[in-house]
Amino acid sequence: MSASAENPKVENTDQLGSTRVVAIAVDGSKYSEYAFNWAVANIIRPKTDQIILLNCRPLVTVRGSGKIDETNTNESAELLRSFSNKIPASKYNVRAIALCGDPRSEIPVKVEELNADMLVVGSRGLGGVKKVLMGSVSDYLVRHLKIPVVIPRADSE
């Protein structure tokens, strides 16, 4: 048997030049900050990947809540701007999207609409009882999204 028959050439199917859409959910917590930094350092391919920053603010439905909603909208925009400014625009293709409502319903709809290849999200590190009582957005997303959901955890968690 020839050497080429024993070790057939395997082509790399991961085309490094192809664009991936990587969604990163941010909420201003130290956990989302860690997830964002981890994704930029370990997953994102500069110049080829499209980074989509997602922030989901609560929907306020109380009568006369216009001022509260305006404040939430401004805070969401500022949060997305601060994350965008952490990485140089000359190296990264970044888009920021503010969502409004329950992140369990809004994030899945948006990542599907964007044809995202993966979602990176932080974890609050809730224990078993708190997780059962309060629910976990990251757990919900892992169970319900059809794309990979990456939940980086700091060593101290």
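For the numbers below, each heavy atom of this structure counts, side chains included, while hydrogens, waters and symmetry mates do not. Numbers here simply count residues along the sequence, with the first being 1.
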Engineer: How long is the gap from CG on Leu99 to CD1 on Ile97, to the nearest 0.5 Å?
Structural biologist: 7.0 Å
Engineer: For Ser82, give me all partners under side-chain hydrogen bond (donor to acceptor under 3.5 Å, both in side chains), at least two apart in sequence or on another chain.
Structural biologist: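 For Ser82, no residue satisfies side-chain hydrogen bond (donor to acceptor under 3.5 Å, both in side chains) once neighbours in sequence are set aside.
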Engineer: Can you name the closest pair of heavy atoms from Ser138 and Ser136 and give their distance?
Structural biologist: OG-OG, 3.1 Å
Engineer: Output all residues satisfying side-chain hydrogen bond (donor to acceptor under 3.5 Å, both in side chains) with Lys30, sequence neighbours left out; order by chain, then residue number.
Structural biologist: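 Once residues adjacent in sequence are excluded, Lys30 has no partner under the side-chain hydrogen bond (donor to acceptor under 3.5 Å, both in side chains) criterion.
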Engineer: Give, for atom OG of Ser18 and atom CZ of Arg45, the distance between the pair rounded to the nearest 0.5 Å.
Structural biologist: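 Those atoms lie 5.0 Å apart.
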Engineer: Where is the tightest heavy-atom contact between Ala98 and Ser76, given as atom of each residue plus distance?
Structural biologist: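 Here Ala98 and Ser76 meet closest at CB-OG, 3.5 Å.
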Engineer: With heavy-atom distances below 4.5 Å as the criterion, would you say the side chains of Ile51 and Ile87 are in contact?
Structural biologist: yes
Engineer: When rounded to the nearest 0.5 angstrom, what is the spacing between SG in Cys56 and CG in Asp27?
Structural biologist: 10.0 Å
Engineer: Using the rule salt bridge (charged side-chain N to carboxylate O under 4.0 Å, His left out), only one of Glu112, Glu113, Glu106 pairs with Lys110; which is it?
Structural biologist: Glu113
Engineer: With distance as the sole criterion, is a donor-acceptor pair present between the side chains of Arg20 and Thr48 under 3.5 Å?
Structural biologist: no
Engineer: Is it true that Glu33 and Lys86 make a salt bridge, defined as a side-chain N closer than 4.0 Å to a carboxylate O?
Structural biologist: yes
Engineer: Is there side-chain contact between Thr19 and Asp49, with heavy atoms separated by less than 4.5 Å?
Structural biologist: no
Engineer: OG/Ser105 to OH/Tyr140 distance, rounded to the nearest 0.5 angstrom?
Structural biologist: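 Here the interatomic distance stands at 7.5 Å.
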Engineer: Met118 pairs by side-chain contact (heavy atoms from CB on, under 4.5 Å) with which of Val149, Ile43, Ile24, Leu145?
Structural biologist: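 For Met118, the side-chain contact (heavy atoms from CB on, under 4.5 Å) test succeeds with only one of Val149, Ile43, Ile24, Leu145, which is Ile43.
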Engineer: Report yes if the side chains of Ile107 and Leu119 come closer than 4.5 Å at any heavy-atom pair, otherwise no.
Structural biologist: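 A side-chain contact exists here, since the closest heavy-atom pair is under 4.5 Å.
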Engineer: Tell me, please, which residues at least two apart from Arg95 pass side-chain hydrogen bond (donor to acceptor under 3.5 Å, both in side chains).
Structural biologist: none
Engineer: Can you give me the closest heavy-atom contact between Gly28 and Leu79, atom names plus distance?
Structural biologist: CA-CD1, 3.6 Å
Engineer: Would you say the side chain of Val111 lies within less than 4.5 Å of the side chain of Ile147, judging by non-hydrogen atoms?
Structural biologist: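 In contact.
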Engineer: Which pair of heavy atoms, one from Pro103 and one from Pro108, lies closest together, and at what distance?
Structural biologist: O-CD, 3.5 Å
Engineer: Run the salt bridge (charged side-chain N to carboxylate O under 4.0 Å, His left out) test against Glu78 and tell me which residues pass, sequence neighbours left out.
Structural biologist: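 In terms of salt bridge (charged side-chain N to carboxylate O under 4.0 Å, His left out), with neighbours along the sequence ignored, Glu78 is linked to Arg81.
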Engineer: With side chains defined as the heavy atoms from C-beta onward, is the minimum distance between Phe36 and Val120 less than 4.5 Å?
Structural biologist: no
Engineer: Once side-chain hydrogen bond (donor to acceptor under 3.5 Å, both in side chains) is applied, do any residues pair with Asn93, and if so which ones, sequence neighbours excluded?
Structural biologist: Gln50
Engineer: Identify, with sequence neighbours excluded, every residue that meets salt bridge (charged side-chain N to carboxylate O under 4.0 Å, His left out) alongside Asp102.
Structural biologist: Arg104
Engineer: Checking Val40 against Tyr92 for the side chain to side chain contact (heavy atoms under 4.5 Å, CB included) test, could you report, in this order, the C-alpha distance in whole Å, the side-chain angles of both residues, the deciding distance, and whether it holds?
Structural biologist: CA-CA 10 Å; Val40 171; Tyr92 296 92; 3.8 Å; yes
Engineer: Considering the options Asn37, Val26, Val94, which one meets the side-chain contact (heavy atoms from CB on, under 4.5 Å) requirement together with Phe83?
Structural biologist: Val26
Engineer: Quick check for you: to the nearest 0.5 Å, what is the distance between Ile52 atom CD1 and Leu80 atom CG?
Structural biologist: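 Going from CD1 on Ile52 over to CG on Leu80, the span is 11.0 Å.
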Engineer: As an exercise, state the distance from OG of Ser123 to CD1 of Ile151, rounded to the nearest 0.5 Å.
Structural biologist: 6.0 Å
